[in-house]
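Beneath this line is the structure, given in structure tokens, with notes to follow.
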Amino acid sequence: MSDIRVRFAPSPTGYLHVGGARTALFNWLFARKVGGTFILRIEDTDTERSSEAMVRGILEGMEWLGLHYDEGPFFQSNYADKHRAAAYQLLETGWAYRDFTPKQERDDTNIKDQIAKERVVNPFRDLPKIESDARAETGEPFVIRFKVPAEGKTQFDDIVFGLQQRDYSDIEDLVLLRSDGHPLYNLSVVVDDIEMRITHVVRGQDHINNTHKQVLLYQALGKPVPKFAHLPLILAPDKSKLSKRKHGEIVSVTTYRDAGFIPDAFVNFLALVGWAPEEGLAAKDQEIFSREELIRIFSLEGIHKSNAVFNFTEGDERNWTDQKALWMNFEYIKTWPLENLLPLIQPELQKAGLWRDEYFGERKAWYEHTITLLRERARTLLDFAKHGRPYFVAGLDFEFEDAAVKKNLQKDPALKTLLPVLAERFAAMADFTHDAVEAALRAVAEENGVKAGLLINATRTALTGQSVGPSLFELVPAIGKQRAAERLRHAAGLV
RNA sequence: GGCGCGUUGGUGUAACUGGUUAACACGCCGCCCUCUCAAGGCGGAGAGCACGGGUUCGAGUCCCGUACGCGCUACCA
């Protein structure tokens with residue numbers, strides 16, 4: 001195992017955002033690739049916005065994606081003492097100062113804007129230490145601010161964005177400790193990353209500005225600066241930042257779990273937004289990658305700089321999320337090894353009350369064959385219970401779609417007599433196979449002077465209640481002789 | 001406003017250190033197959049690489065400017 005250590009550090013917002021999921025994924029891939037350590041740390045220093053329930057959403061998302069962490073979850077709030085100590089250390093070493101400006105004054109946005117615009121130097125910045133200590137002694141409230149040097153600039157070489165520089169004059173004296181003694185984000189992050197010996201910080205591009213501040217903190221604390229890789233953002237179709245408030249459930253990965261996505265498919269999709277394998281590492285134009293392949297070919301250098309758009313149509317039920325993600329899921333359902341797929345389908349059938357343990361035993365062959373039939377047309381895992389219901393229930397415990405009944409059963413009154421005829425023919429068959437069923441059905445059609453198609457489509461609806469589905473002669477044997485005959489007789493009543 | 005970053009078809013991406021008619025996938029359209037719907041096969045439309053200048057024999061690839069977009073600009077994270 002190498003000594004490379006990375007972390008994913010979400011704030012507990014109650015759900016794992018797709019952008020966050022990709023950040024987690026890239027950290028995970030990188031760690032696995034180099035044999036490093038992947039750490040999960042919950043940034044809950046803002047106690048007002050944190051709760052256990054909020055954390056659970058994150059954990060659930062990680063779990064579903066299969067992004068297992070080697071250490072954690074750590075909770076940043078547990079280390080507040082260390083963060084505070086660091087703030088006081090910086091105060092002692094002269095890298096920070098007490099700011100006694102009353103809070104009300106600071107909360108006034110007009111005053112704040114003015115200070116920012118005119119680059120007003122904080123009056124407490126150079127308050128003599130003795131005086132500062134004395135005022136603190138009397139109980140006068142203060143915040144601890146970092147003292148950004150007057151001249152010079154920060155710089156770091158971002159793995160994705162290249163050399164980044166910032167004049168000190170463009171960085172404000174950030175608050176390290178609130179007046180209630182609460183440590184703030186930039187300080188906490190740096191102290192924790194030092195403590196956890198993080199070597200590579202891989203996070204969203206929206207943190208680039210913070211990074212300059214953090215570099216300063218590392219230096220003031222006399223610690224080595226880790227390497228940084230900032231990721232481009234994932235935007236909504238209107239190019240605005242993807243947010244739950246604005247875009248709803250589509251941003252939460254649990255939505256994809258609940259919508260019947262295969263986690264590997266979603267991971268595969270996510271990996272390809274903002275990143276592509278470097279030439280030669282993967283087959284040209286390859287897009288389907290297993291986790292193992294992704295780990296093998298992943299590199300931070302392959303991440304690109306421009307933001308990506310997550311393409312979906314609001315209000316469109318079929319294209320409720322990115323079409324390529326949808327396609328990817330379908331592709332996995334269709335082509336994944338059956339033994340991978342089966343464990344994901346079982347819970348879906350159980351939820352719908354369709355599961356029978358004999359699918360593991362004497363009905364195994366039938367079950368697996370039926371699943372291979374259904375997977376051809378399933379777009380999500382949910383479809384196995386939805387479209388598959390007629391295959392798994394006894395009798396007539398499934399829905400007849402109105403449109404299907406109208407289109408295929410009520411199309412020709414002759415079906416009223418033909419369906420029972422077909423039922424009897426089926427019931428009398430010894431060999432209920434694809435070819436035998438086809439021969440029987442075509443014979444009935446010919447004897448009665450109707451087109452086979454009429455009977456075929458009517459039979460499909462009779463047996464499944466649906467107008468679409470697998471090839472009929474595959475379908476009928478899967479339903480079986482008994483149920484097929486029974487459903488055909490029943491359907492005659494619907495004509 | 002300030003600071004930073006970005007810009008290849010509708011979307012995601014490709015195009016070795018500048019070198020043939022800018023490639024692939026999703027989506028879209030059409031044809032074939034066909035018992036339905038998909039899938040699959042074949043074909044097509046769709047960007048001349050944000051725009052304007054340069055450098056060069058030659059630029060999507062280098063330089064400058066403009067526009068647009070995005071991020072950050074808290075005693076939030």
Side-chain angles (χ1 to χ4, degrees), chain A residues 9-13 43-46 48-50 76 99 101 103 106-107 109 112-113 116-117 119 141-145 158 160-162 164-167 169-172 174-186 188-189 204-212 230 232-233 235 237 239-241 269 272-277 279-280 284-288 304-312 319 322-328 330-331 334-335 375-379 387 404 407-408 438 441-442 451-461 466-473 475:
Chain A
S11 48
T13 48
E43 311 248 295
D44 60 344
T45 57
D46 185 355
E48 286 153 35
R49 294 204 312 215
S50 305
Q76 194 157 60
D99 177 357
T101 310
K103 190 170 187 301
R106 273 290 169 184
D107 288 345
T109 45
K112 223 155 53 177
D113 286 352
K117 200 188 277 179
R119 300 194 171 191
F142 60 86
V143 299
I144 293 183
R145 277 184 192 277
D158 193 276
V160 175
F161 287 91
Q164 301 291 310
Q165 298 184 311
R166 180 86 84 252
D167 280 339
S169 59
D170 289 325
I171 305 174
E172 71 278 357
L174 58 142
V175 174
L176 268 18
L177 221 55
R178 275 185 349 200
S179 50
D180 61 2
H182 210 93
L184 253 22
Y185 174 71
N186 281 299
S188 299
V189 168
Q205 185 239 66
D206 46 345
H207 282 288
I208 273 191
N209 281 280
N210 286 326
T211 304
H212 289 282
H230 287 93
L233 270 19
L235 271 23
K239 309 242 196 289
S240 68
K241 204 174 168 181
F269 167 75
L272 259 18
V273 0
W275 173 83
E279 203 172 8
K284 186 163 162 50
D285 299 328
Q286 183 180 349
E287 299 223 299
I288 302 294
H304 51 96
K305 305 177 189 177
S306 54
N307 294 338
V309 172
F310 197 60
N311 198 19
F312 59 93
N319 296 317
D322 195 290
Q323 287 175 305
K324 191 145 184 176
L326 255 11
W327 168 81
M328 190 78 79
F330 182 27
E331 190 68 17
K334 219 168 46 190
T335 63
R375 80 197 291 207
E376 292 288 324
R377 288 164 180 81
R379 296 183 67 82
H387 300 147
K407 183 177 163 213
N408 290 334
E438 174 161 18
L441 183 140
R442 288 192 190 281
K451 291 216 287 205
L454 176 73
L455 224 41
I456 287 169
N457 289 322
T459 302
R460 174 176 294 106
T461 299
Q466 299 159 23
S467 62
V468 303
S471 168
L472 189 79
F473 307 119
L475 187 165

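The sequence lines fix the lettering, A, B, ..., with proteins before strands; numbering per chain opens at 1. In this text the structure is predicted, and so the values were computed from the model without any measurement.
- Counting any heavy atom pair closer than 4.0 Å across all strands shown, A:Pro470 reaches a base atom.
- The side chain of A:Asn457 approaches B:rC35 more closely than any other nucleotide in the set B:rC72, B:rC37, B:rC35.
- Comparing A:Asp285 and A:Ser471 against RNA chain B, the residue whose closest nucleotide sits nearer the 5' end is A:Asp285.
- Counting non-hydrogen atoms under 4.0 angstrom, A:Ser467 reaches a base of the nucleic acid.
- Side-chain contact between A:Leu177 and A:Val143 is absent, with no heavy atoms from C-beta onward closer than 4.5 Å.
- Glycosidic conformation of B:rG48 is syn; the angle stays within 90° of 0.
- Here the nucleotide nearest the side chain of A:Arg166, chosen from B:rU11, B:rC5, B:rC3, is B:rC3.
- Here the C1' atom of nucleotide B:rA74 and the NE2 atom of A:His207 are 15 Å apart, to the nearest Å.
- Among the heavy atoms of the strands lying under 4.0 Å from A:Tyr185 is at least one base atom, whether or not backbone atoms are also near.
- At B:rC75, none of the side-chain N or O atoms of A:Ser179 fall inside 4.0 Å of OP1 or OP2 (strictly under the cut-off).
- Distances shown here put a side-chain N or O of A:Lys241 below 4.0 Å from the OP1 or OP2 atom of B:rC72.
- Side chain of A:Val309, nearest nucleotide from B:rC26, B:rU11, B:rU36: B:rU11.
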Which atom pairs link the protein and nucleotides 14-18 of chain B when you take only N or O atoms and keep those under 3.5 Å?
none

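- Residues forming a salt bridge (charged side-chain N to carboxylate O under 4.0 Å, His left out) with A:Lys239 (at least two apart in sequence, or on another chain): none.
- Within 3.5 Å, a donor on the side chain of A:Arg460 pairs with an acceptor on the base of B:rC35, or the reverse.
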If you write RNA chain B from 5' to 3' in dot-bracket form, with Watson-Crick or G-U pairs under 3.5 Å, [ ] for crossing pairs and | for pairs with another strand, what do you get?
-> (((((((..((((.....[...)))).(((((.......))))).....(((((..]....))))))))))))....
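- Of all nucleotides listed (B:rC35, B:rG71, B:rC75), B:rC75 comes nearest to the side chain of A:Val175.
- As judged by a 4.0 angstrom heavy-atom cut-off over every strand, A:Val273 is placed among residues touching the sugar-phosphate backbone only.
- Residue A:Lys324 places its side chain closer to B:rG12 than to any other of B:rG12, B:rG2, B:rG71.
- Going from atom CG of A:Asp206 over to atom C1' of B:rU73 covers 13 Å, rounded to whole Å.
- A:Lys334 pairs by the salt bridge (charged side-chain N to carboxylate O under 4.0 Å, His left out) definition with A:Glu331, not counting sequence neighbours.
- In this structure the side chain of A:Pro183 reaches within 4.5 angstrom of the side chain of A:Ser188, judged on heavy atoms.
- Counting heavy atoms from C-beta outward, A:Pro470 and A:Arg377 have side chains that approach closer than 4.5 Å.
- Ionic pairing of A:Lys324 and A:Glu287 is present here: one or more N-O contacts between side-chain nitrogen and carboxylate oxygen are shorter than 4.0 angstrom.
- The side chain of A:Gln164 lies closest to B:rG4 when the candidates are B:rG71, B:rG4, B:rC3.
- The distance between the ring centers of A:Tyr185 and A:His207 falls below 6.0 angstrom.
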In B/S/- notation (B base, S sugar-phosphate only, - none; protein heavy atoms under 4.0 Å), nucleotides 38-46 of chain B written 5' to 3' is BSS------
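- Within the 4.5 Å cutoff, the side chain of A:Ile171 has heavy atoms near those of the A:Arg166 side chain.
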Extract from the structure each pairing of a protein N or O with an N or O of nucleotides 66-69 of chain B at less than 3.5 Å, listing the distance.
none

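- You'll find a donor-acceptor pair under 3.5 Å spanning the side chain of A:Asn210 and the base of B:rA77, going by distance alone.
- Closest-nucleotide positions on RNA chain B for A:Phe310 and A:Gly453 were compared, and the one nearer the 5' end corresponds to A:Phe310.
- Across all strands shown, A:Glu287 has heavy atoms under 4.0 Å from base atoms, whether or not it also approaches the sugar-phosphate.
- A:Thr101 comes within 4.0 angstrom of a nucleotide base, judged by non-hydrogen atoms across all strands.
- The residue A:Leu233 sits close only to the backbone: its heavy atoms come under 4.0 Å of sugar-phosphate atoms, none of a base.
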